[in-house]
Amino acid sequence: RSLCDEFGAILSDFEAKGYDVVVVGHSLGAATAAATAIRLRKSCGLRRARCACFAPPPVVDAVLAQESASYIVSVVHDDDFIPRSQVASLLRLFTELSAYDWAA
């Protein structure tokens with residue numbers, strides 16, 4: 001069963017009573033929270049679903065990030081590595097670490 005099948009009716013009832021559905025997460029949980037908020041809005045039709053992400057890894061493309069900017073807030077501390085990582089930079093790091101002469 002899907003998220004909407006399991007919880008869609010009860011969350012719609014809460015929204016009809018004026019409540020917002022807020023999903024919160026940290027790190028990998030933030031990525032999950034963001035994906036859940038997007039799903040609640042797009043698949044379940046919840047107009048007031050929102051999300052607060054703390055140190056989320058990048059999990060959506062630029063287009064979806066723009067589309068969801070009005071209801072997903074990301075909080076990143078200084079130079080936290082995970083939120084600023086990209087697939088390309090992680091592959092470069094792997095290549096550099098693999099090529100490094102650890103015996104020297």
Side-chain angles (χ1 to χ4, degrees):
R1 297 187 66 184
S2 75
L3 177 68
C4 298
D5 291 339
E6 287 288 326
F7 302 105
I10 193 166
L11 294 174
S12 292
D13 287 344
F14 281 130
E15 193 173 75
K17 292 176 184 175
Y19 292 100
D20 289 354
V21 175
V22 181
V23 188
V24 179
H26 173 261
S27 196
L28 184 56
T32 305
T36 301
I38 292 167
R39 177 101 186 240
L40 288 172
R41 283 197 168 226
K42 290 188 175 227
S43 299
C44 303
L46 297 178
R47 297 178 327 273
R48 296 176 62 171
R50 297 182 293 129
C51 179
C53 297
F54 296 91
V59 293
V60 298
D61 62 18
V63 173
L64 188 53
Q66 274 301 64
E67 289 175 6
S68 60
S70 65
Y71 61 91
I72 296 178
V73 174
S74 296
V75 179
V76 177
H77 184 266
D78 278 335
D79 295 324
D80 191 349
F81 173 75
I82 297 300
R84 301 188 191 295
S85 62
Q86 301 173 11
V87 173
S89 62
L90 293 174
L91 289 173
R92 189 179 77 227
L93 176 63
F94 174 76
T95 302
E96 291 176 7
L97 290 175
S98 297
Y100 184 78
D101 182 8
W102 295 94

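All values below come from the heavy atoms of this structure, side chains included, with hydrogens, waters and symmetry mates left out.
In this view, S2 and D5 satisfy the side chain to side chain donor-acceptor pair (under 3.5 Å) rule, not counting sequence neighbours. The side chain to side chain donor-acceptor pair (under 3.5 Å) check on D13 picks up nothing, with sequence neighbours excluded.
Minimum interatomic distance between P58 and I82 (heavy atoms only, all atoms of both residues): CD-O, 3.5 Å.
Atom CG of L11 and atom SG of C44 lie 7.5 Å apart (nearest 0.5 Å).
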Only pairs under 3.5 Å count here: list side-chain donor-acceptor contacts from residues 29-37, not counting sequence neighbours, and write none if there are none.
residue, atom, partner, partner atom, Å
T32, OG1, L28, O, 3.1
T36, OG1, T32, O, 2.8

Report all side-chain donor-acceptor pairs from residues 15-23 shorter than 3.5 Å, counting only partners two or more places apart or in another chain.
residue, atom, partner, partner atom, Å
E15, OE1, R47, N, 3.3
E15, OE2, R47, N, 3.1
E15, OE2, R48, N, 2.6
D20, OD1, R48, NE, 2.6
D20, OD1, R48, NH2, 2.7
D20, OD2, R50, NE, 3.1
D20, OD2, R50, NH2, 3.3

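Evaluation of the side chain to side chain donor-acceptor pair (under 3.5 Å) test over residues 53-81, restricted to residues two or more places apart or in two chains, returns K42-E67. The salt bridge (charged side-chain N to carboxylate O under 4.0 Å, His left out) contacts involving residues 94-104 comprise R92-E96, where partners must be two or more places apart or lie in separate chains.
Heavy-atom neighbours of L97 CG from other residues, nucleotides or ligands within 6.0 Å: above the threshold of 12.
Residues Y100 and F94 do not share a hydrophobic cluster, clusters being chains of Ile/Leu/Val/Met/Phe/Trp/Tyr side chains in contact below 4.5 Å. With hydrophobic clusters built from ILVMFWY side chains whose heavy atoms lie under 4.5 angstrom apart, V63 does not share a cluster with I72. Note: the hydrophobic cluster containing V73 does not contain V76 (ILVMFWY, side chain heavy atoms under 4.5 Å, direct or indirect links).
Between the side chain of S12 and the main chain of G8, a donor-acceptor pair closer than 3.5 Å is present.
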